[in-house]
Amino acid sequence: MLLVLSEEQRAHLGCLRGLGAAGTGELGRLALELMRGGAPRALEAAARSLDVGTEALQRGLDGISYLLAESSRLMVSETDFQDSVHVLGFSDELNKLLLQLYLDNRKEIRSILSELAPRLPSYHNLEWRLDVQLASRSLRQQIKPFVTLKLHLSENGDQTAQVLQTDPSTLLHLIRQLEQALGEMKSNHCRRIARNMK
Amino acid sequence: QRFRFCGDLDCPDWVLAEISTLAKISSVKLKLLCAQVLKDLLGEAIDYEKILKLTSDAKLESGDVKATIAVLSFILSSAAKHNVDSESLSSELQQLGLPKEHATGLCRSYEEKQSALQDNLRACSLRLSRLDSVSWRVDYTLSSSELQDVSEPLVHLRLAVRRGDGGGMDTVPVAVSADKFRVLLAGEDRAGALLPPPE
């Protein structure tokens with residue numbers, strides 16, 4: 001499937017023509033570092049070494065980041081990538097360089113993109129306590145065991161806690177249900193799907 | 001094979017693997033390491049520099065140093081959790097492959113601090129909220145807009161409740177009439193009578 005580049009993106013990538021192969025390679029490396037979460041300080045040093053203004057450098061970075069991220073996201077094939085880039089009218093050398101940049105780094109870019117997906121709250125910690133109720137205002141001489149649980153969850157760095165209380169038989173039922181759920185993974189159906197996904 | 005210090009379960013694989021790392025450190029240094037780890041478990045600050053110095057002879061990598069601290073924390077806190085005495089702990093550690101001197105040194109450190117550890121663990125146990133203090137005041141209502149001659153005592157209580165997750169204090173103000181207050185006190189006395197006497 002072909003990448004469709006808007007006018008603005010084509011203008012951004014147009015500045016690559018002026019940089020040549022070495023400059024484009026440098027720009028590509030910088031864009032990847034930014035994607036990994038690197039420091040933007042390198043921008044000024046790079047602008048000076050490539051002999052372009054910082055604004056032009058930023059636009060070039062935007063263009064190349066978009067190109068790499070979109071192609072990695074859609075997993076475009078080599079020929080599709082080449083055709084998409086061909087429309088920009090670069091030299092063959094530049095096209096080959098961009099293709100190499102894409103192929104070398106697409107796995108890493110895809111793993112970075114996968115971490116951006118929204119997450120459900122995840123397990124952090126479980127505290128528990130076993131109590132026995134001996135008497136209450138309404139009834140003396142009881143023996144009633146119950147388990148108090150505090151489930152700590154974390155979601156995007158925020159922590160929440162949920163307090164739950166149950167009697168031992170419900171807890172055993174809960175454990176049996178969870179063990180059955182785990183056991184599902186060993187069934188033939190799940191094993192077949194897991195094998196096919198690999 | 002079941003171990004008491006693991007709660008009558010199998011010993012975790014990672015503990016088994018790290019015991020051989022512990023054997024690389026001399027038994028004297030291991031006892032000092034235990035003292036540092038116990039400090040950390042009891043809530044005091046851990047001196048990482050000292051630990052690095054103690055493990056430098058055995059030429060452990062930084063990952064191994066962290067693993068050593070982790071396995072010592074596990075052994076000491078798990079033994080305290082399951083109330084294992086130091087002799088049983090020593091024999092179980094020797095069964096896992098820890099040399100006799102190392103096990104003896106470790107268990108001596110454990111024995112010194114066992115009750116302090118257990119007190120600390122008891123304090124860390126799950127608590128939802130606790131009553132911090134009660135302040136009270138008794139007023140005497142002379143009259144009101146409804147009745148000219150009221151002449152009734154009124155008790156004001158302020159309960160300070162500390163939240164279980166350490167999140168601060170809530171204040172609960174309660175106003176109780178004299179009769180209701182007597183009922184409340186009587187109920188409390190009866191509940192108090194059911195508690196075991198203080199040791």
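Quick note on labels: first sequence line is chain A, next is B, and so on, each numbered from 1. These numbers were taken from a predicted model, which means no experiment stands behind them.
Remark: B:Asp179 engages B:Arg182 in a side chain to side chain donor-acceptor pair (under 3.5 Å) (not counting sequence neighbours). Take B:Arg2 and apply the side chain to side chain donor-acceptor pair (under 3.5 Å) test, not counting sequence neighbours, and it matches no residue.
Heavy-atom contacts from other residues, nucleotides or ligands closer than 6.0 Å to CD of B:Glu101 number 12 or fewer. Other residues, nucleotides and ligands contribute only 12 or fewer heavy atoms inside 6.0 Å of the CD atom of A:Glu184.
Contact of the A:Thr148 side chain with the B:Leu126 side chain is registered, since non-hydrogen atoms from C-beta on lie closer than 4.5 Å. Between A:Arg137 and B:Arg190, every side-chain heavy-atom pair lies at or beyond the 4.5 Å cut-off.
Listed here is the closest heavy atom pair of B:Leu128 and A:Arg129: N-NH1, 4.2 Å.
At a 4.5 Å heavy-atom cutoff, A:Leu134 makes no contact with chain B through either its backbone or its side chain.
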